[in-house]
*Asks:* 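Have a look at the structure that comes next, please.
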Amino acid sequence: MFKIVPSLLSADFSKLKEELALVEEAECEIMHLDVMDGHFVKNITFGPIIVEAIRKLTDLTLDVHLMIENPEFYIEKFAESGSDWITFHIETVSEVGQIINKIKKYKKKAGISLNPSTPIENVEPYLSDLDLVLVMSVNPGFGGQSFIPEVIQKIKALRGFIHGNSPKIEVDGGINKENIKDVVNAGAELLVCGSAIFKADDPKAMINQLNKRVNSSKV
Ligand code: DX5
Ligand code: ZN
């Protein structure tokens with residue numbers, strides 16, 4: 001079962017309450033929150049105090065994507081701020097298993113993210129411990145970039161490694177009406193969409209169109 005996961009990065013932060021409400025009204029269940037530190041990626045967004053504020057505004061599942069160095073130092077803060085899922089980049093850490101355990105200690109769902117150039121073999125040893133694998137389909141750092149088509153093969157290969165329905169495969173970057181069906185057909189279940197939704201004239205209508213596009217029989 002696929003799910004559209006709106007990414008707040010492209011939303012209007014001066015009206016967070018309204019942006020979250022429209023995501024709820026469009027019957028999405030999950031909100032993707034991009035945390036960037038200016039080191040791992042060349043952009044800075046927000047930290048746990050904003051996650052905490054968002055937590056007070058919505059009951060949506062908060063899917064926190066940490067694009068930061070030394071994520072192990074911040075797991076506790078993000079857990080306490082009300083994150084539901086915490087995903088870190090495998091490129092940033094050496095003690096992968098310890099960080100997964102730390103996230104689970106706080107009873108949160110644990111995810112690993114892979115940059116477009118990081119092979120899926122790197123995540124294979126941890127698959128049975130993870131709740132999700134976040135496959136980046138752009139180089140992380142900014143919304144509004146173009147989907148890297150080679151990632152489709154990577155999603156298919158990862159799907160082949162996963163037996164059963166855990167971990168979930170989430171794909172992030174450049175997903176829109178034109179390519180969403182290919183991403184789902186490749187084996188992804190969680191589709192992060194930022195600019196496609198929040199830069200649309202009518203974001204709620206766009207969420208409906210993205211859902212319809214996946215369900216349509218047209219290839
Ligand atoms: C990029 C972020 C994405 C971003 C996706 O580094 O991780 O979550 O919001 O935005 P779009 O859908 O515009 O590529
Ligand atoms: Zn993201």
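If you're wondering where the values come from, they're calculated on a predicted model, not measured in any experiment. When a ligand or atom number is given, it counts from 1 through the structure's own listing order.
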*Asks:* So is G144 polar-close to ligand 1, meaning N/O to N/O under 3.5 Å?
*Replies:* yes
*Asks:* With rounding to 10 degrees, what does the angle H65:ND1 / the Zn ion (ligand 2) / D172:OD2 come to?
*Replies:* 90°
*Asks:* I'd like to check C193 versus L210 (side-chain heavy atoms, cut-off strictly below 4.5 Å). Are they in contact?
*Replies:* yes
*Asks:* For a side chain to side chain contact (heavy atoms under 4.5 Å, CB included) with I103, tell me which candidate from D131, I86, L130 qualifies.
*Replies:* I86
*Asks:* Taking the side chain as everything from C-beta on, heavy atoms only, tell me whether Y74 gets closer than 4.5 Å to I68.
*Replies:* yes
*Asks:* With a 4.0 Å cut-off, would you call E189 and R159 a salt bridge?
*Replies:* yes
*Asks:* Quick one: does G194 get an N or O within less than 3.5 Å of an N or O on ligand 1?
*Replies:* yes
*Asks:* Could you pull out the atom name of the N/O/S atom in H32 that is nearest the Zn ion (ligand 2)?
*Replies:* NE2
*Asks:* Does E72 pair with K102 as a salt bridge, N-O distance under 4.0 Å?
*Replies:* no
*Asks:* Please determine whether a side-chain nitrogen of the Lys or Arg among R55 and D84 lies less than 4.0 Å from a carboxylate oxygen of the Asp or Glu.
*Replies:* yes
*Asks:* Could you list which atoms of ligand 1 come closer than 4.0 Å to a heavy atom of G174?
*Replies:* 11 (P), 12 (O), 14 (O)
*Asks:* Give a yes or no on whether N215 atom CG has more than 12 heavy-atom contacts from other residues, nucleotides or ligands under 6.0 Å away.
*Replies:* yes
*Asks:* If you measure from each non-hydrogen atom of S7 to ligand 1, which part falls under 4.0 Å: side chain, backbone, both or neither?
*Replies:* side chain
*Asks:* To which of D172, N115, L33 does the heavy atom nearest atom 5 (C) of ligand 1 belong?
*Replies:* D172
*Asks:* Can you find an N or O of G141 that's nearer than 3.5 Å to an N or O of ligand 1?
*Replies:* yes
*Asks:* Please could you name the atoms of ligand 1 that S195 approaches to less than 4.0 Å, counting only its heavy atoms?
*Replies:* 11 (P), 12 (O), 13 (O)
*Asks:* Taking the side chain as everything from C-beta on, heavy atoms only, tell me whether E52 gets closer than 4.5 Å to I54.
*Replies:* no
*Asks:* Start with the C-alpha distance between E29 and K3, add both sets of side-chain angles, then the distance that settles salt bridge (charged side-chain N to carboxylate O under 4.0 Å, His left out), and finish with yes or no.
*Replies:* CA-CA 8 Å; E29 295 163 24; K3 289 187 167 106; 3.5 Å; yes
*Asks:* Looking at D34, which atoms of ligand 1 are within less than 4.0 Å of one of its heavy atoms?
*Replies:* 2 (C), 3 (C), 4 (C), 7 (O), 8 (O), 9 (O)
*Asks:* As an exercise, identify every atom of ligand 1 less than 4.0 angstrom from a heavy atom of M67.
*Replies:* 6 (O), 7 (O)
*Asks:* Over 60° means perpendicular and under 30° means parallel, so classify the ring planes of H65 and H89, tilted if in between.
*Replies:* parallel
*Asks:* The Zn ion (ligand 2) is nearest to which N, O or S atom of D34?
*Replies:* OD1
*Asks:* In ligand 1, which numbered atoms sit nearer than 4.0 Å to a non-hydrogen atom of H65?
*Replies:* 7 (O)
*Asks:* Which ligand 1 atoms does G143 reach within 4.0 Å, using its non-hydrogen atoms?
*Replies:* 10 (O), 13 (O)
*Asks:* Considering only heavy atoms of F142, which atoms of ligand 1 have at least one such atom less than 4.0 Å away?
*Replies:* 1 (C), 6 (O)
*Asks:* Check each atom of ligand 1 against the heavy atoms of C193 and keep those under 4.0 Å away; list them by number with element.
*Replies:* 12 (O)
